[in-house]
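Below, read A as the first sequence line, B as the second, and so on, with proteins coming before strands; counting in each chain starts at 1.
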Amino acid sequence: MIKAVRGTRDLLPPETALWNFVESTVRDVFRAYNFQEIRTPIFESTELFARGVGEETDIVSKEMYTWEDGTRAADFAVYKKWMTARFPGVKSFGEFDPDIARRETPVPIAHLRQERAYIVFGYRTSEEVIEELERAVRLNETKVLQFDELRLVIADPEMKDVGLQVGGMTVKTEIVSIDLPPQSLTLRPEATAGIVRAYIEHNLETRGLNKLYCIGPMFRRERPQKGRYRQFYQIDAEIIGPASAGSESPARDAEVLEMLATLLDRLGIKNWTLELNSVGSSAERAKFNEALRIALDPVKDQMCGDCQRRAVTNPLRVLDCKHPEDQPIIEKLPRISQFLDEDSRKHFDAVQQILRAVGVEFQINDRLVRGLDYYTRTAFEFTHGALGAQNAILGGGRYDGLSEALGGPAAPGIGFAIGEDRLVMSLQESAFAGGALRQPDLYVAPLGAGMNVEAARLARELRRHDLVVDLGDDTFRLKKSFEIAAKAGAKYILIVGENEVKAEAFALKNLITGEQISVPRAELARKIQE
RNA sequence: GUGGGAAUAGCUCAACUGGUAGAGCACCGGACUGUGGCUCCGACGGUUGCGGGUUCGAUUCCCGUUUCCCACCCCA
């Protein structure tokens with residue numbers, strides 16, 4: 001049997017009703033804050049995540065779904081990089097250059113012209129040959145020349161051997177296949193990088209402040225466990241724009257946090273906790289990291305195995321350690337708050353001040369750190385008790401330098417991602433009744449050969465009155481129709497048999513009370529809606 | 001990637017130190033040719049995840065493997 005692959009799963013009814021409830025509530029709440037939807041591709045070039053999320057993070061180094069799509073060169077920059085790696089010493093890229101061809105010393109040269117690539121190795125040749133080459137290039141011909149020290153290779157799989165007259169001589173030609181560099185693609189492991197990429201690509205900074213959200217699947221190649229799948233769903237929102245539009249303001253941080261508190265309340269999530277910290281600018285964090293490393297060096301041998309490793313690879317994560325024996329040591333370590341400069345400190349204070357004013361409760365957790373490289377200043381998590389080891393249902397923070405790291409304009413931003421799988425799970429655990437599932441108002445039971453036709457007509461009429469109508473088949477015995485209608489939870493069953501069609505009045509039975517009446521065709525919809 | 005547990009009918013689970021694989025529910029049919037839920041009767045349903053090994057004999061013991069669950073690593 002073919003099964004859903006490891007770490008993926010089917011979402012089946014009636015659970016899907018719960019997902020729709022979550023998503024429509026999200027859209028409702030976000031709209032009140034003027035967020036608008038963006039949909040980005042579920043795969044992007046690998047480089048985006050490597051640069052955005054951070055080459056050294058676990059996500060990029062070992063948890064991405066990455067493959068090579070080798071159909072064509074992505075663009076000249078990528079091509080040039082690849083060519084240089086494959087043919088060290090290549091000196092020139094671009095159009096055919098007769099000046100280089102006249103040099104005394106042979107120079108390897110690579111050319112890229114649209115999708116055709118050709119390389120000249122070690123050439124030094126006559127004016128006639130140069131002219132011939134110039135013409136070939138001008139006419140965009142695909143040819144291969146071999147003449148004395150000249151060897152011109154043109155990549156073109158269509159091309160067979162071609163004879164070429166150069167200066168009265170027939171030149172032997174040769175095809176050398178050049179594999180164009182494959183493009184590395186990756187299924188998105190998170191949404192922020194793609195959204196910032198779109199922000200840059202479409203010049204969204206010209207619109208001022210952008211409030212964007214995105215709901216969809218993400219992918220991580222990690223071992224599945226409770227609430228963590230290889231294809232998982234995230235609800236992601238970002239506020240991003242030029243600083244002049246207010247994107248850097250602590251008011252944005254507070255607005256996002258207040259919106260999340262509202263959303264969780266609206267969804268009926270009880271007992272959530274907001275944990276808040278500032279991780280500082282990247283410079284401040286670098287200093288902090290160094291200080292941690294120094295402080296850990298003399299004491300790390302007394303700590304658990306994990307911490308000994310983290311002390312070297314990622315000192316920040318030592319703060320996350322849950323080993324009771326390590327806590328006294330961790331308590332004495334330096335804190336990020338000691339490394340914040342005046343601006344970062346003021347920013348963080350302002351966020352807290354607004355949260356208090358609007359009545360959103362929070363806890364400062366100065367051991368809260370983020371795993372992705374791009375986070376700066378405000379970092380936060382909402383946790384929920386009943387989720388086992390995976391108690392965080394959403395997390396996020398500010399990423400003031402991300403746009404620039406991806407080659408875009410300065411665009412401070414703040415965002416978060418909600419793990420939708422886990423959010424739905426916690427709704428199920430808090431005994432959400434699932435009233436979102438609408439059961440049929442009516443089951444139409446055609447009775448006897450040929451009655452499918454009349455039943456279809458009636459069903460169509462009644463559905464236009466916004467009734468949920470399910471439809472049987474005229475080969476069913478009436479008993480079977482009743483059983484199916486009852487199992488589907490239909491409120492009414494309508495019998496469409498020969499007698500009814502003749503009389504233009506149909507037997508309508510209330511499956512809850514058991515009451516049955518004969519209703520003229522024209523009054524059916526009204527009667528059912530009562 | 002590491003560790004522990006698990007895998008038997010569509011679902012939930014039995015099967016005594018190793019002796020022919022079973023129940024409840026669901027599904028289908030009948031009792032009941034145009035009236036459901038209740039009741040009764042019947043039928044269907046399996047390479048015991050897969051592959052090796054030990055044994056006269058393996059669902060049971062051993063090894064490998066796959067998947068799931070829990071945790072670790074890590075993390076929105």
Side-chain angles (χ1 to χ4, degrees), chain A residues 1-9 53-54 56-64 188-193 214 217-230 232-238 260 304-307 309-310 313-314 316-317 320-323 368-375 379-383 388-397 399 415-423 443 445-448 451 472 474 476-500 506-516:
Chain A
M1 194 192 0
I2 299 174
K3 297 195 281 190
V5 298
R6 179 179 203 179
T8 69
R9 59 176 178 156
V53 176
E56 299 306 317
T57 60
D58 269 51
I59 293 179
V60 171
S61 60
K62 61 182 200 203
E63 291 179 359
M64 296 205 299
R188 62 185 184 191
E190 57 101 48
T192 305
C214 180
M218 308 290 159
F219 303 85
R220 271 192 221 165
R221 201 174 178 290
E222 59 185 359
R223 193 133 165 194
Q225 55 179 296
K226 190 177 177 64
R228 303 180 70 170
Y229 302 91
R230 288 181 159 188
F232 57 102
Y233 291 80
Q234 282 193 341
I235 297 161
D236 188 279
E238 315 287 344
L260 283 166
C304 67
D306 286 339
C307 282
R309 185 175 41 73
R310 289 169 177 150
T313 59
N314 194 354
L316 276 180
R317 305 239 45 119
D320 258 357
C321 179
K322 304 196 170 61
H323 271 83
L368 177 70
V369 292
R370 305 268 78 188
L372 307 190
D373 286 1
Y374 55 63
Y375 282 110
F380 57 88
E381 268 178 24
F382 282 74
T383 57
Q390 318 301 332
N391 64 348
I393 51 178
L394 72 93
Y399 46 86
F416 60 82
I418 303 173
E420 194 174 357
D421 302 77
R422 269 191 241 169
L423 183 65
Y443 184 87
L447 183 65
M451 289 300 132
D474 61 12
F476 293 172
R477 288 179 305 106
L478 192 58
K479 174 185 165 63
K480 178 165 172 166
S481 291
F482 266 79
E483 283 168 352
I484 294 172
K487 192 191 291 178
K491 229 174 295 170
Y492 288 95
I493 185 167
L494 184 72
I495 299 168
V496 182
E498 234 175 296
N499 304 340
E500 283 80 3
F506 298 84
L508 179 69
K509 182 167 185 179
N510 185 322
L511 287 168
I512 298 155
T513 64
E515 180 196 11
Q516 180 169 331

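Separating the C1' atom of B:U8 from that of B:G24 is a span of 15 Å, rounded to the nearest Å. B:A23 and B:C73 have their C1' atoms separated by 43 Å, given to the nearest Å. The same atom, P, is picked in B:G36 and in B:G29; the two are 15 Å apart, to the nearest Å. Between B:A21 and B:U35, the two P atoms lie 45 Å apart (nearest whole Å). Comparing B:C50 with B:A9, their P atoms are spaced 10 Å from each other, to the whole Å. The separation of B:C27 from B:G10, taken at their C1' atoms, amounts to 8 Å, rounded to a whole angstrom. Nucleotides B:C11 and B:G49, compared at atom P, are 13 Å apart to the nearest Å. Nucleotides B:C56 and B:U12 place their P atoms 38 Å apart, quoted to the nearest Å.
Using a 4.0 Å heavy-atom criterion, one finds that A:Gly7 contacts the sugar-phosphate atoms exclusively. Contact annotation for A:Lys509: base contact, defined as any heavy-atom pair under 4.0 Å involving a base atom. Among the atoms of the strands shown, base atoms are found under 4.0 Å from some heavy atom of A:Gly514.
For the pair A:Arg230 (side chain) and A:Glu222 (backbone), a donor-acceptor distance under 3.5 Å is present.
With rounding to whole Å, A:Arg221 atom CZ is found 20 Å from B:A76 atom P. Regarding A:Arg223, its CZ atom lies at a distance of 13 Å from the P atom of B:G5, rounded to whole Å. One atom, CZ of A:Arg220, and another, P of B:G1, lie 17 Å apart when rounded to the nearest Å. Distance, A:Leu368 CG to B:C75 P: 12 Å, rounded to whole Å. Remark: C1' of B:G36 and CG of A:Leu508 are 15 Å apart, rounded to the nearest angstrom. For the pair A:Arg188 CZ and B:A76 C1', the interatomic distance rounds to 13 Å; values are reported in whole Å. Taking atom CD on A:Glu483 and atom P on B:C27, their separation rounds to 9 Å, with Å as the unit. Here B:A76 presents its C1' atom at 4 Å from CD of A:Gln234, a figure rounded to the nearest Å.
Considering only side-chain N and O atoms, A:Lys480 lies nowhere under 4.0 angstrom from the phosphate OP1 or OP2 of B:C28. Taking side-chain N and O atoms only, A:Arg6 has a distance below 4.0 Å to OP1 or OP2 of B:U67.
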Without placing hydrogens or testing angles, list every side-chain donor-acceptor pair under 3.5 Å for residues 478-487 of chain A, not counting sequence neighbours.
from: A:Lys479; atom 1: NZ; to: A:Glu483; atom 2: OE2; distance (Å): 3.3

What nitrogen or oxygen pairs link the protein and nucleotides 30-34 of chain B at under 3.5 Å?
from: B:G30; atom 1: OP2; to: A:Arg477; atom 2: NH2; distance (Å): 3.0
from: B:G34; atom 1: O6; to: A:Asn499; atom 2: N; distance (Å): 3.4
from: B:G34; atom 1: O6; to: A:Asn499; atom 2: OD1; distance (Å): 3.4
from: B:G34; atom 1: O6; to: A:Asn499; atom 2: ND2; distance (Å): 2.6
from: B:G34; atom 1: N1; to: A:Glu500; atom 2: OE1; distance (Å): 3.1
from: B:G34; atom 1: N1; to: A:Glu500; atom 2: OE2; distance (Å): 3.1
from: B:G34; atom 1: N2; to: A:Glu500; atom 2: OE2; distance (Å): 2.6

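In this structure, the side chains of A:Thr192 and A:Glu238 come closer than 4.5 Å at one or more pairs of heavy atoms. Counting only heavy atoms from C-beta outward, the side chains of A:Phe380 and A:Leu260 approach each other to under 4.5 Å.
Note: A:Leu508 CG to A:Lys491 NZ = 11.5 Å, rounded to the nearest 0.5 Å. In this structure, A:Glu420 CD and A:Ile393 CD1 are separated by 12.0 Å, a value rounded to the nearest 0.5 Å. To the nearest 0.5 Å, atom CZ of residue A:Arg221 and atom CE of residue A:Met64 are 12.5 Å apart. Rounding to the nearest 0.5 angstrom, the gap separating the CZ atom in A:Arg220 from the OH atom in A:Tyr229 is 15.5 Å.
Along RNA chain B, the nucleotide nearest to A:Ala486 and the one nearest to A:Thr192 differ in position, and the one closer to the 5' end is contacted by A:Ala486. In terms of position along RNA chain B, the nucleotide closest to A:Thr8 lies nearer the 5' end than the nucleotide closest to the other residue of the pair A:Glu381 and A:Thr8.
Here the shortest heavy-atom pairing between A:Asn510 and A:Ile512 reads OD1-N, 2.7 Å.
Across B:C28, B:A76, B:C73, the shortest atom-to-atom separation from the side chain of A:Arg422 is found for B:A76.
In RNA chain B, runs of at least 3 consecutive Watson-Crick or G-U pairs, each pair with both distances below 3.5 Å, span B:1-7 with B:66-72, B:10-13 with B:22-25, B:28-31 with B:39-42, B:49-53 with B:61-65.
The local environment of CD in A:Glu498 is sparse, with at most 12 non-hydrogen atoms from other residues, nucleotides or ligands closer than 6.0 Å.
With hydrogens and angles ignored, a donor-acceptor pair closer than 3.5 Å exists between the side chain of A:Arg228 and the base of B:C74.
Between A:Arg188 and A:Asp236, no side-chain nitrogen of the basic residue sits less than 4.0 Å from a carboxylate oxygen of the acidic one, so the salt-bridge criterion is not met.
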